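Below: the structure, in C-alpha cells.
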Amino acid sequence: MVDVEKFIETAVREIRDAAGAEKVVMALSGGVDSSVCAALATRAIGDRLIPIYVDTGLMRKGETEQIRSLFADADLRVVDAADEYFEALAGITDPEEKRKAIGAKFVRIFEREAKRTGATLLLQGTIYPDRVESEGGIKSHHNVGGMPLDIEFSGLIEPIADLYKDEVREVAGGLGLPAEIQYRMPFPGPGLAVRVLGEVTREKIVVVREANAIVEECLVEEFHPWQCFAALLGLGTGMKGNARLHGWIVAVRAVQSRDGMTADPLHLPYEALSRMAARITEIPGVARVVYDVTPKPPATIEYE
Ligand code: XMP
C-alpha cells in the first residue's frame, strides 16, 4: 500500500528537479504505467513533456486507434515504426535476442525523436517487478535489461520504479485517470512478439493478434482475469474437409495475480473454453487450441 497523495507530491517534485529546464520524451503506450508517468510528468513540467506512442506493428487489434482517441487532448506524437521492427526481428529466433532487438529499436527511435524535439532526457514507466526480474536474470524486460548501453540521453527518469502494479493502479486513481486506463490489463513492452515462439513474421502476428482479440472478448468482461491472451506455439497437424494440413497451435493463457510476480491459471468452465476454441479455429491457418494450466512459477506468464 502506498500513501497516494504523498507519493504523487514527491514524484512530481522529483521529476521537476530531475528535468530542470530540459525537455523530456517518454513512451506512452496507454497502459497504466506509462499513463501514470505521463500524468505525473505533466503536473511536474507541463508541455516540456513530449509523449510518444510507437506503433511497433506488434500491438493488439485496434490499439493504436484506441490510444489516439484516449489521448486526443494530449500532444501525442504517433510514430509508425512497424516496418523497422519487422526488419529488426527478421531471422531472430532466440527469445533473449528478440527482446534485445526490440529494446535496441525502442531506444534508437526515442533518440531520434528526442533529437527532433530537442529533448535530452528519457522518462520510463519501469516498475519494481521489471527491475527485479531483469536484475535477477530471468529475462530482459524491454525497458530495462534490453536497453543498449550507448544510450544518448543525458539522463533517465523512472518515477514509478519502486511501485508494484497494484500500487500503480492506486496512484492512477489518485491522479483521476479514467477507469479504462486504471484497470487496463498489462501488456508487455515487446508486444505480440513475445507471444509467438521463434521468428516474428507479419503472418504470425496477424494470426496471434486475431486470436488475442477473441480471447479478450471471450474472457475479460465475464471472468475478469488479471491478464489473458493468446500465443502461437508452432505448427501442428489439423484438418480442413478431408485433408490433413499444417496449422498453428494457439495457446490460451488466463491468470489471476496480484503483481505479476506469481500467477494462477483461471479455472474456466469447459463450455467457455470450448466456445472460445471454436471461434479461434475459425481464424485461417489455425489448427488447434490448448489452454495453459501452469501457474507461475514454474512457468512465466508470457511465453518468451
Ligand atoms: P512474466 O512473463 O515475466 O510476466 O511472468 C510478468 C508480467 O510482466 C509482463 N511483461 C512485460 N512487461 N516489458 C513489459 O513492460 C516486458 O518485457 C515484459 N515481459 C513480461 C507480462 O505481460 C506480465 O504481465
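Remember, it's 1-based here, ligands and their atoms both numbered in the order they're listed. Quantities reported herein were computed from a predicted structural model and do not represent experimental measurements.
- The atoms of ligand 1 that sit less than 4.0 Å from any heavy atom of Pro186 are 24 (O).
- Salt bridge status for Arg279 with Glu217: present, with a side-chain N to carboxylate O gap under 4.0 Å.
- By the 3.5 Å distance cut-off applied to N or O atoms, Asp130 is not counted among the residues near ligand 1.
- Closest heavy-atom approach to atom 13 (N) of ligand 1 among the candidates Pro297, Gly189, Ala193: Gly189.
- In terms of polar-atom proximity, Gly260 is not counted as a contact of ligand 1, lacking any N or O under 3.5 Å from an N or O of the ligand.
- Using a 4.0 Å cut-off between a side-chain N of Lys or Arg and a carboxylate O of Asp or Glu, Arg112 and Glu84 qualify as a salt bridge.
- Between Arg48 and Glu22 there is no salt bridge, since no side-chain N of the basic residue sits under 4.0 Å from a carboxylate O of the acidic one.
- Near Pro190, with a cut-off below 4.0 Å to any heavy atom, the atoms of ligand 1 are 13 (N), 16 (C), 17 (O).
- Geometrically, ligand 1 and Gln227 share a nitrogen or oxygen pair separated by less than 3.5 Å.
- Per-residue contacts place Lys296 under 4.0 angstrom from the following atoms of ligand 1 (heavy atoms of the residue considered): 1 (P), 3 (O), 5 (O), 6 (C).
- A salt bridge between Arg202 and Asp83 is present, with a side-chain N of the basic residue lying under 4.0 Å from a carboxylate O of the acidic one.
- Salt bridge status for Lys100 with Glu96: present, with a side-chain N to carboxylate O gap under 4.0 Å.
- Ligand 1 places these atoms under 4.0 Å from at least one heavy atom of Thr300: 1 (P), 2 (O), 5 (O).
- Contact record, Val255 with Leu266: C-CD1, 3.8 Å, taken as the closest heavy-atom pair.
- Residue-ligand proximity: Met261 is placed with every non-hydrogen atom at 4.0 Å or more from ligand 1.
- The shell of residues lying under 4.0 angstrom from ligand 1, judged by heavy atoms, includes Trp226.
- Taking CD from Glu111 and CZ from Phe153, the interatomic distance works out to 6.0 Å, rounded to the nearest 0.5 Å.
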